[in-house]
Amino acid sequence: PAHARIAWLADEGSFAEDATDVRSDDPLKFFDLRPYAERLAEAELNTGLGEAIVIGQATVDKHPVQLSVMDFSFMGGSMGSAVGEKFARACDAAAERHVPLVSVTASGGARMQEGILSLMQLPKTVCAVEDLHDAGCAMFSVLAHPTTGGVLASFASLGDVLLAEP
């Protein structure tokens with residue numbers, strides 16, 4: 001889970017979560033066996049998370065960092081509009097603070113219930129990483145198991161240092 005990874009990575013008591021108000025919406029009114037809005041509410045209830053990613057400021061061994069940590073238990077860690085937005089905000093915050101971004105990904109890929117809106121997060125996150133690099137900041141990318149699909153094809157593979165779980 002995201003909060004367990006954050007506790008493992010960050011110095012005790014140093015994590016301050018950002019963008020807690022950013023949540024997925026259902027602009028397509030997607031319905032398969034159940035409405036997407038119902039699936040989102042269930043994921044939030046089951047995980048205690050507002051989305052499949054948690055971002056915020058922390059220190060690691062007393063060094064300031066920006067964290068971006070995905071949680072596979074929230075709809076398979078799928079990347080929808082809110083995940084893309086939160087990741088982009090994490091990149092912006094790291095660049096603004098001139099600190100490294102530590103990104104932990106765990107995702108099955110793009111969130112199908114958001115259609116093209118989900119797929120548009122791929123170029124958005126790539127541009128956010130490019131802006132981070134343009135600001136002279138590093139990105140450490142931890143590919144947790146699993147990291148696949150659009151997340152791997154976009155921002156997860158763009159770190160300056162890549163680490164992967166088996």
Side-chain angles (χ1 to χ4, degrees), residues 1-7 9-10 15-58 65-97 101-132 135 137 139 141-159:
H3 286 290
R5 285 188 187 274
I6 291 166
L9 284 169
F15 181 71
E17 189 171 352
D18 296 332
T20 57
D21 59 327
V22 177
R23 298 275 208 298
S24 288
D25 198 10
D26 187 12
L28 304 178
K29 305 296 180 215
F30 187 89
F31 186 95
D32 52 14
L33 298 176
R34 295 186 357 228
Y36 176 45
E38 186 179 302
R39 291 185 187 277
L40 286 170
E42 179 182 50
E44 187 169 344
L45 183 66
N46 290 340
T47 64
L49 300 174
E51 197 35 86
I53 192 169
V54 177
I55 66 168
Q57 302 174 31
V65 298
Q66 186 73 26
L67 291 178
S68 168
V69 181
M70 296 186 77
D71 195 317
F72 191 80
S73 64
F74 191 104
M75 297 189 73
S78 56
M79 181 168 61
S81 298
V83 169
E85 177 63 21
K86 288 178 85 165
F87 179 80
R89 288 187 187 191
C91 289
D92 292 346
E96 185 176 300
R97 296 173 53 225
L101 173 66
V102 178
S103 170
V104 181
T105 55
S107 176
R111 190 169 296 167
M112 67 167 209
Q113 293 90 343
E114 293 187 25
I116 192 65
L117 300 173
S118 177
L119 294 176
M120 290 306 298
Q121 302 315 300
L122 280 69
K124 177 179 183 169
T125 57
V126 169
C127 290
V129 172
E130 185 67 24
D131 291 345
L132 178 69
C137 298
M139 179 173 144
S141 188
V142 180
L143 309 177
H145 178 70
T147 296
T148 63
V151 170
L152 179 62
S154 62
F155 71 89
S157 60
L158 297 178

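A quick note: this is a predicted structure, and the numbers were derived from the prediction, not measured.
Annotation: salt bridge (charged side-chain N to carboxylate O under 4.0 Å, His left out) contacts of R97 (sequence neighbours excluded): none. Checked against side chain to side chain contact (heavy atoms under 4.5 Å, CB included), L40 has the following partners two or more places apart in sequence or in another chain: S24, Y36, F74, M75, R111. Applying the salt bridge (charged side-chain N to carboxylate O under 4.0 Å, His left out) test to E42 and every residue at least two apart in sequence or in another chain returns R34. Take E130 and apply the side-chain hydrogen bond (donor to acceptor under 3.5 Å, both in side chains) test, not counting sequence neighbours, and it matches no residue. Under the side-chain hydrogen bond (donor to acceptor under 3.5 Å, both in side chains) criterion, S157 pairs with no residue, sequence neighbours left out. Listed by chain and residue number, D26 satisfy the side chain to side chain contact (heavy atoms under 4.5 Å, CB included) test with A37 (two or more places apart in sequence, or in another chain). For P123, the side chain to side chain contact (heavy atoms under 4.5 Å, CB included) partners at least two apart in sequence or on another chain are M120. When the side-chain hydrogen bond (donor to acceptor under 3.5 Å, both in side chains) test is applied to T47, no partner is found at least two apart in sequence or on another chain. Legend: residues meeting side chain to side chain contact (heavy atoms under 4.5 Å, CB included) with L33, ordered by chain and number and at least two apart, are R39. Q57 pairs by the side-chain hydrogen bond (donor to acceptor under 3.5 Å, both in side chains) definition with nothing, not counting sequence neighbours.
Judged purely by atom type and a 3.5 angstrom limit, T105 has no side-chain atom pairing as donor or acceptor with the backbone of A156. Proximity of a side-chain donor or acceptor of D71 to a complementary backbone N or O of S73 within less than 3.5 Å is detected. Judged purely by atom type and a 3.5 angstrom limit, T148 uses its side chain to pair as donor or acceptor with the backbone of G108.
To the nearest 0.5 Å, the span separating CD1 on I116 from OG on S81 amounts to 10.5 Å.
Every pair passing side-chain hydrogen bond (donor to acceptor under 3.5 Å, both in side chains) that includes a residue from residues 115-124 is listed here, sequence neighbours excluded: E85-K124.
Annotation for E96: atom CD does not count as buried by contact number, only 12 or fewer foreign heavy atoms lying within 6.0 Å.
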Check: residues 15-22 side-chain donor-acceptor pairs under 3.5 Å, at least two apart:
unit_1 : atom_1 : unit_2 : atom_2 : d
D18    : OD2    : Q66    : NE2    : 3.1

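For the pair A90 and L101, the tightest heavy-atom approach, listed with the atom from each and the gap, is CB-CD1, 4.0 Å.
The shortest side-chain heavy-atom distance between M79 and F87 does not fall under the 4.5 Å cut-off.
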